[in-house]
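Okay, so here's the structure we're looking at.
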Amino acid sequence: MDLLMFQVCSFVLVATLPPLSLTVACTSMLSSCGERTYFWLNSQNSSMLILSGVTLGVLGHLFDVLRWKGVLRIVAVANYLAVASCLFMGLLCLASTAPSVPIIVGMLISILGAVAVRCWALQDTPTCTFMHGTCLVFGLYAGILAVIWLVWATTPFMGGKHFWGNHQDYLQSSFSDLSHFVLWCSPLILSIGCFLVSLFSMLRDLIHSPNKDEDSEHDFLSVELRLLLYCLALALFGAWVAASLAGGGLGLSKVVLNVSTAMGASIAVYVGYVIGLAEIRRATRNVSAVNMVIELLHSDIAKGAFMLLAWPLLPVYFVYEVLHQAIRSCQKCMGVEPNDGDGPSVWITAEAKQHWEELVNWNRASVLERSMLVGIFYVTVQVGVSQGVTVFLSWLSDEIAPWSLPSMLAVLFAIGEVMFLLPPVPGLPIYLISGIVVVQRCLQDGRGFWVGVAVASVFSVVLKMVAVFLQQKAIGESFSRSVKVKKLCAIHTPTMKAVRHILSRPGLDTAKVAVLVGGPDWPTSVLTGILRLNAGQMLLGTTPIILLIVPVVFSGAFMLQAAQDKSSHLYSSLAQISSMLSSIVMVGMMVGAVYHIESVQQQFKAEIEQGDWEKDPQEDEVLQAIKEDEQKSKAYEHFARWDLVPSWMRALLYAGSLTMSAGIYLVLFADPFESFSIADHVSDLPGGSIRSLIHTTGYAAFACVLVAAAVLTIFEGWRSWEVRSLVGPQEAGPLTRAGDPRVGAAGLLERAC
């Protein structure tokens, strides 16, 4: 290690060790300070602190304290310091309902310490050197914290074994099971966080390494922006893991979801303040992935999703801005803030007026339609995939529990294959249910616990391998000449071309294995079939998926043992550890795939830009199909221009979107469903019916979905009738008026068809 690297590591260590050590001490059971901290946080009124912070912030904004001049600027500074203090303490005091928040806050403060060192002490240090030092320091933290926790939890060398639940009788009256669990494994959660920071630093180090081919700041920014997009995808992936864990009823979904949210917020801060918005605008012109995201954010789908949440807030916002403008006008007359030239007739702030004009200029028919589609999709996935799969597998485990082992495996195999062939359905629940019912059957047959775990693990691995084989052979090869399937797999994109290049290389290497186990499941397996690659080699490269499957099976098996032996907390502890280990493995596999795909994209950057590299024989047909779809979409949207939509249809669209917004709020905040895990039994429900899982608010949410679906059906019927009347063989009347806006749409549609 040279002198500069030693200096970097020393500065980062000094800036990050104190907050990280304080976080470990105050949020874990390694010392009594952790329990006392959570007792104190739980006793505070977080709602009052957050409400005070929000109130002070709203008043500060309402009176434009940042625009005040002279001595009054002190009031502005005091106001925002008070806001920050109240919100910070209120966030910490959420520990009673979200016990992972103090850990996340401590982790973020440690990261900010490293950022502060970079900005103030090491601003002239090369980026690769600083990131390499940060990688070493946080990697050291991750290793030390993991070792300390393992020694403390599983060996007698730090005051005896501390299995989760040993202190439950003492903490039960004050702490929830989740709070107890977070306190118990806080060092491990911090170790995972430090590992992710170290991994991110390592990737930035590689990006800015002086031996790379890129020699311009633009190239660095392009790669970094792609890295950030992958990290954002990882955060969303974490949310998907949270949904899977919720389906398993393991109590960890909130922790994973909070960590994913913190990752997303950190990415936003990093983009805005470390890279800089001006640099991003300059660099994104030639970054296809970033441009794609920007286009998505400006699309009618994103606007529709925004309206789902914004409907109840928009009236409040504009009424607030009217009051804001009145106060602003008074303060201008008093000379408290500068006069920007607004006339006395202005009744709303310039910012709100701009927002209103943007809303008015939207293609309202399309946005309202997309808002209903997004809402229906969300409720369907939330209820059908998360809740529905959980209830179905729980019911299935009860039904097949008395069956013989071969019959049980046959049914699980058939259902598992169907689930794997459906892209939105996560695979974790089927592994989990195998660990429960198969082990239970083996115990009842006298085969023993470990034999049951071995049978369930082998069965789950075979289930996954057969699913990969079917995706490759039954879908990929069977539809290898299908333009629709290739369009669905996005074979024309740089990312899938990089995947194609990695998978087409002879033999097995680290990159190929990483893509097979960590890449997007359905598209990757189907692409191997489209390329007609050797199925045996693909299955061999997929075998490391065992590292993910086995911990999930163990988790289910330990959940079964915990339910049968409630006096011992050993098995519940092991179930939680196994589920967390599976989450770590999932994230690690995805990160490995992202790293190798990105490396190939950079290695063949020039060839990708030329357009002929790894070009599929039908790529031109795929691009033409995409172009035709875009033309059809534009034509249909043109038919549904707001000035062409009749008044009765406008009213229906507004009513449908508002109703769907109400349904979303019911699902998000009204507790529409009874809590139910995969380890529960349908027979234990009131009346033995799954209908008891649905609260009144749940039925109301379903009613909102039905209303929105009915409005969409009516709208689509009206639009189809309009299209047929203009371009169909039984045209109601020719369009002869040159000024009729439907003429252009009809021409577009005829060319697209």
Side-chain angles (χ1 to χ4, degrees), residues 50-70 72-73 75-80 82-84 86-87 268 272 277 281 294 297-372 374-375 641-645 647 649-662 664-665 669:
I50 294 175
L51 181 61
S52 299
V54 172
T55 301
L56 289 173
V58 170
L59 290 175
H61 179 263
L62 195 62
F63 286 91
D64 288 324
V65 295
L66 287 181
R67 294 161 61 104
W68 289 1
K69 302 178 294 183
L72 292 177
R73 293 284 294 177
V75 178
V77 174
N79 174 265
Y80 281 94
V83 170
C86 290
L87 292 180
L277 295 178
R281 293 190 188 99
I294 292 175
L297 293 176
H298 286 86
S299 67
D300 288 344
I301 293 178
K303 294 173 182 176
F306 166 78
M307 291 304 300
L308 280 178
L309 298 176
W311 269 123
L313 305 177
L314 284 176
V316 177
Y317 167 72
F318 286 111
V319 170
Y320 168 85
E321 287 300 324
V322 171
L323 178 61
H324 188 188
Q325 178 63 18
I327 295 175
R328 180 176 290 179
S329 300
C330 293
Q331 292 187 151
K332 288 175 183 178
C333 295
M334 298 168 59
V336 175
E337 61 177 286
N339 194 334
D340 52 13
D342 288 344
S345 60
V346 176
W347 58 277
I348 197 169
T349 61
E351 300 90 340
K353 183 180 180 182
Q354 181 181 357
H355 295 157
W356 175 263
E357 291 174 350
E358 290 175 355
L359 290 173
V360 170
N361 290 329
W362 283 359
N363 185 353
R364 278 173 276 177
S366 177
V367 171
L368 294 173
E369 178 193 18
R370 300 301 195 279
S371 70
M372 288 181 279
V374 171
R641 274 176 44 184
W642 194 245
D643 56 340
L644 299 179
V645 178
S647 299
M649 192 71 251
R650 294 183 186 183
L652 272 181
L653 288 173
Y654 275 124
S657 183
L658 283 166
T659 304
M660 192 66 253
S661 177
I664 290 294
Y665 274 91
F669 304 112

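The chain is numbered in sequence order, starting from 1. On a predicted model such as this, the values are computed, not experimentally measured, just so you know.
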Least distance between heavy atoms, Trp311 atom then Ser657 atom: NE1-OG, 2.8 Å
Over all atoms of both residues, closest heavy-atom pair of Asp300 and Arg370: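 Of all heavy-atom pairs spanning Asp300 and Arg370, the closest is O-CB, 3.5 Å.
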If you measure from [atom1] on [X] to [atom2] on [Y], what distance do you get to the nearest 0.5 Å?
| X | Y | atom1 | atom2 | answer |
| --- | --- | --- | --- | --- |
| Met660 | Met307 | CE | CE | 14.0 Å |
| Ile348 | Arg328 | CD1 | CZ | 11.0 Å |
| Glu357 | Leu359 | CD | CG | 10.5 Å |
| Lys303 | Asn363 | NZ | CG | 8.0 Å |
| Asp64 | Ile327 | CG | CD1 | 8.5 Å |

Would a 4.5 Å heavy-atom cut-off, applied to side chains only, mark [X] and [Y] as touching?
| X | Y | result |
| --- | --- | --- |
| Phe306 | Val367 | no |
| Trp642 | Val360 | no |
| Ser371 | Ser661 | no |

Partner set under ring-ring contact (aromatic ring centres under 6.0 Å, His included) for Tyr665, not counting sequence neighbours: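 ring-ring contact (aromatic ring centres under 6.0 Å, His included) check on Tyr665 returns Phe669.
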[X]: partners by side chain to side chain contact (heavy atoms under 4.5 Å, CB included), with sequence neighbours left out:
| X | value |
| --- | --- |
| Leu87 | Ile50, Val54, Val83 |
| Ala651 | none |
| Ala302 | Ser299 |
| Val374 | Ile301, Ala305, Leu308 |

Ala655 backbone acceptor or donor facing Thr659 side chain under 3.5 Å: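 Yes, Thr659 side chain to Ala655 backbone: donor-acceptor pair under 3.5 Å.
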Main-chain N/O of Gln325 paired to Ser329 side chain as donor or acceptor, under 3.5 Å: yes
Under 3.5 Å donor-acceptor pairs involving side-chain atoms of residues 315-322, not counting sequence neighbours:
from	atom 1	to	atom 2	distance (Å)
Tyr317	OH	His355	ND1	2.7
Tyr320	OH	Val58	O	3.4
Tyr320	OH	His61	ND1	2.6
Tyr320	OH	Leu62	N	3.4
Glu321	OE1	His324	ND1	3.3
Glu321	OE1	Thr349	OG1	2.5

Trp362, CH2 atom: more than 12 neighbouring heavy atoms under 6.0 Å: yes
